[in-house]
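What follows is a set of notes on a single structure, which appears directly below.
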Amino acid sequence: MTRLNHANLYTLDARIATPGYDRHEVTAGIVHIGVGGFHRAHQAMYLDELMNRGQALDWGIVGVGVMPGDRRMQEILAAQEHLYTLVVKHLDGHYDARVIGSMIDYLFAPDDPQVVIEKMADPAIRIVSLTVTEGGYNFHPVSGEFDVGNPAVQHDLEHPEAPRTSFGLVIEALRRRRERDVPPFTVMSCDNIQGNGDVACKMFTAFARQRDGDLGAWVEAEVPFPNSMVDRITPVTTTADIEELASRFGIEDAWPVVCEPFSQWVLEDRFVLGRPAFEAVGVQVVDDVEPYELMKLRLLNASHQALAYFGYLAGYRYAHEVCQDPLFVDFLLGYMTHEATPTLAPLPGIDLEAYRRTLIERFANPEIKDTLARLCAESSDRIPKWLVPVIREQLAQEGEIQRSAAVVASWARYVEGVDEQSQPIEVVDRLKDRLMAIAAKNRDAPTAFIDNRELFGDLGDNPRFREAYLDALERLHRDGARATLEALVKPG
């Protein structure tokens with residue numbers, strides 16, 4: 001067994017690809033906040049590919065952890081000299097393994113926030129990127145406005161010299177750059193949020209204005225926040241993944257990353273101090289990300305919701321099990337083709353029929369083992385943003401909505417908290433208690449769930465939607481998930 005570190009790089013199993021560049025020549029150009037599996041399988045991977053071509057050696061990544069749980073990541077990466085293994089799991093069971101070397105340091109902010117701030121204030125840093133999850137942007141779920149009352153935000157406003165949040169760290173670094181007459185860096189969100197750059201701009205600018213009105217105005221005017229669309233299924237690394245890597249390749253890596261073969265990144269070309277030549281390694285660098293973003297949200301993300309609740313109720317527990325079932329495949333393709341796709345604008349360079357088929361193949365990959373429980377979690381943040389807009393646009397143009405309405409009904413049935421075998425369902429959602437209390441009325445007051453205006457606005461008032469929703473909910477209660485899908489796939 002070979003431990004992963006720099007000294008052992010070139011003694012690893014020959015099947016493991018290793019950096020083809022001298023890591024001692026890599027210098028920092030990017031600070032990345034929120035180093036999780038997705039970042040390491042996506043942005044860091046693209047940079048590693050560029051470095052393997054002899055490019056971007058001045059764009060090395062310095063990772064930053066802000067949350068208490070990030071300390072373990074810092075310790076493991078430090079022990080491995082910031083190297084890790086990326087394992088690509090193919091549909092046929094074949095694994096590709098490569099060591100990623102584009103990260104050159106990792107700072108744990110709670111230990112010394114000044115070190116992090118000064119690193120970002122360094123003129124060599126030209127991009128600060130983020131994967132902090134939707135919750136990390138601190139906006140109110142209904143109003144979409146910055147939550148100034150958040151205790152962590154209040155702490156950073158009162159103690160700007162010792163910030164605890166990404167807002168406090170980034171804005172203090174920008175303030176120092178402004179004070180020192182150093183141009184600002186670009187803030188690049190890589191989170192799975194519609195208009196992620198616009199959201200980041202709004203939230204960071206709001207925090208800056210709370211600190212100082214002039215500083216906020218400067219951030220809004222001078223700091224670019226490009227939008228992006230990112231896509232790669234990256235499950236949480238398990239003990240079994242670590243053991244499998246050791247067994248197959250003889251490498252001891254305490255925190256590898258596993259992912260699917262597919263990867264996509266569409267990036268708005270808006271940077272103040274330059275950027276790596278991402279387009280050379282397959283990134284689509286465009287003027288407008290929104291059409292690509294809507295494609296992913298309404299086809300991939302909403303389809304995850306379409307398969308998750310029905311699949312769980314029918315007895316499945318993994319996405320690949322669902323997508324190896326022809327009935328579910330017919331339902332998903334029907335949703336994507338007849339309900340989601342008509343709401344999309346033309347996408348240059350994208351074959352939507354091929355994209356839809358590729359999604360089914362990706363979902364059906366048994367090596368990924370994506371759990372339905374994960375896909376069913378935090379639905380109150382997902383359904384209103386990914387699926388409800390499809391329903392509204394289809395209603396406006398008198399298009400089909402039966403499948404989308406049925407997905408909403410399957411969510412309402414799932415939140416009742418008991419599956420079709422009378423086994424308890426562990427509902428994971430920030431609104432769990434309220435949602436379960438409403439869903440408990442599903443049989444006696446069947447429109448109660450969609451009458452929740454916090455989630456659906458006035459959608460529940462629409463007669464076409466109500467009828468389709470009520471029909472699906474009644475079938476789910478009377479006949480079960482599978483029979484409900486059969487009726488939708490073969491109406492009449």
Side-chain angles (χ1 to χ4, degrees), residues 37-38 41-43 45-46 49 86-96 98 190 192 194 228-235 257-267 278-279 281-286 289-308 310-311 316 318-372 374-375 382 386-387 389-390 403-404 407 485 489:
F38 180 78
H42 198 262
Q43 180 187 340
M45 179 275 296
Y46 282 106
E49 288 194 5
L86 180 64
V87 181
V88 179
K89 296 185 173 185
H90 294 270
L91 185 64
D92 62 3
H94 172 70
Y95 285 17
D96 287 325
R98 62 185 279 197
C190 295
N192 186 32
Q194 186 171 352
S228 67
M229 184 270 268
V230 296
D231 188 8
R232 189 169 219 180
I233 297 172
T234 310
V257 183
V258 298
C259 64
E260 64 168 337
F262 182 91
S263 182
Q264 187 176 24
W265 189 3
V266 183
L267 179 62
F278 288 124
E279 62 271 33
V281 287
V283 178
Q284 294 167 271
V285 180
V286 300
V289 171
E290 185 178 23
Y292 300 90
E293 186 174 60
L294 291 178
M295 174 190 75
K296 175 178 179 281
L297 294 174
R298 295 181 181 184
L299 292 178
L300 185 151
N301 295 115
S303 291
H304 265 156
Q305 308 312 116
L307 69 87
F310 272 116
Y316 293 125
Y318 292 93
H320 70 267
E321 296 172 334
V322 174
C323 287
Q324 291 172 2
D325 184 325
L327 173 63
F328 280 83
V329 171
D330 285 350
F331 173 70
L332 290 173
L333 286 174
Y335 159 74
M336 287 192 274
T337 303
H338 301 295
E339 300 189 21
T341 299
T343 71
L344 302 177
L347 293 113
I350 300 291
D351 180 337
L352 284 176
E353 182 176 357
Y355 182 80
R356 293 191 293 263
R357 290 288 177 182
T358 297
L359 287 179
I360 298 297
E361 293 174 6
R362 294 170 64 192
F363 296 163
N365 187 339
E367 298 297 324
I368 297 300
K369 294 182 173 60
D370 204 6
T371 67
L372 296 186
R374 183 187 79 84
L375 300 181
R382 297 174 172 183
W386 300 345
L387 187 66
V390 171
R403 301 168 191 83
S404 298
V407 175
L485 288 184
V489 170

Supply the atom-to-atom distance [X] [atom1] to [Y] [atom2], rounded to the nearest 0.5 angstrom.
{"X": "F363", "Y": "I233", "atom1": "CZ", "atom2": "CD1", "value": "6.0 Å"}
{"X": "S263", "Y": "Q43", "atom1": "OG", "atom2": "CD", "value": "11.5 Å"}
{"X": "N365", "Y": "L91", "atom1": "CG", "atom2": "CG", "value": "5.0 Å"}
{"X": "M336", "Y": "L344", "atom1": "CE", "atom2": "CG", "value": "11.5 Å"}
{"X": "L299", "Y": "W386", "atom1": "CG", "atom2": "CH2", "value": "13.0 Å"}
{"X": "Y292", "Y": "L297", "atom1": "OH", "atom2": "CG", "value": "15.0 Å"}

Those residues that, when tested against K296, pass salt bridge (charged side-chain N to carboxylate O under 4.0 Å, His left out) (two or more places apart): none
If we only count heavy atoms from C-beta on, is the [X] to [Y] side-chain gap below 4.5 Å?
{"X": "Q264", "Y": "V230", "answer": "no"}
{"X": "Q284", "Y": "L267", "answer": "no"}
{"X": "N192", "Y": "N301", "answer": "yes"}
{"X": "T234", "Y": "H42", "answer": "no"}
{"X": "V87", "Y": "E367", "answer": "no"}
{"X": "E260", "Y": "V88", "answer": "no"}

Parallel, tilted or perpendicular: ring planes of Y46 versus W265, cut at 30 and 60 degrees: tilted
Look at the side chain of [X] and the backbone N and O of [Y], then say whether any donor-acceptor pair between them is shorter than 3.5 Å.
{"X": "R232", "Y": "A41", "answer": "yes"}
{"X": "T337", "Y": "G334", "answer": "no"}
{"X": "Q324", "Y": "A364", "answer": "yes"}
{"X": "E279", "Y": "V285", "answer": "no"}

If I compare all heavy atoms of [X] with all of [Y], which pair ends up nearest, and what's the gap?
{"X": "A302", "Y": "L387", "answer": "CB-CD1, 4.3 Å"}
{"X": "S303", "Y": "L332", "answer": "O-CD2, 3.6 Å"}
{"X": "V329", "Y": "C323", "answer": "CG2-O, 3.5 Å"}
{"X": "V489", "Y": "D330", "answer": "CG1-CB, 3.9 Å"}
{"X": "C190", "Y": "F38", "answer": "O-CE2, 3.9 Å"}
{"X": "V390", "Y": "E339", "answer": "CG1-O, 3.5 Å"}

Step-by-step side chain to side chain contact (heavy atoms under 4.5 Å, CB included) determination, Y355 to L300: CA-CA 9 Å; Y355 182 80; L300 185 151; 4.1 Å; yes
Aromatic centroids of F328 and Y316 separated by under 6.0 Å: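 Yes, ring centres under 6.0 Å apart.
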Salt bridge E361-R356, side-chain N to carboxylate O under 4.0 Å: no
Sidechain N-carboxylate O distance under 4.0 Å for R362, D231: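 Looking at R362 and D231, the cut-off is met.
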From CA spacing to verdict: side chain to side chain contact (heavy atoms under 4.5 Å, CB included), E353, T358: CA-CA 9 Å; E353 182 176 357; T358 297; over 6 Å; no
Qualifying residues under ring-ring contact (aromatic ring centres under 6.0 Å, His included), relative to Y335, sequence neighbours excluded: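 Once residues adjacent in sequence are excluded, Y335 has no partner under the ring-ring contact (aromatic ring centres under 6.0 Å, His included) criterion.
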Criterion side-chain contact (heavy atoms from CB on, under 4.5 Å) against V266, the qualifying member of E293, E290, M229: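 Filter result, single survivor: M229.
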Side chain to side chain donor-acceptor pair (under 3.5 Å) assessment of H320 paired with D370: CA-CA 7 Å; H320 70 267; D370 204 6; over 6 Å; no
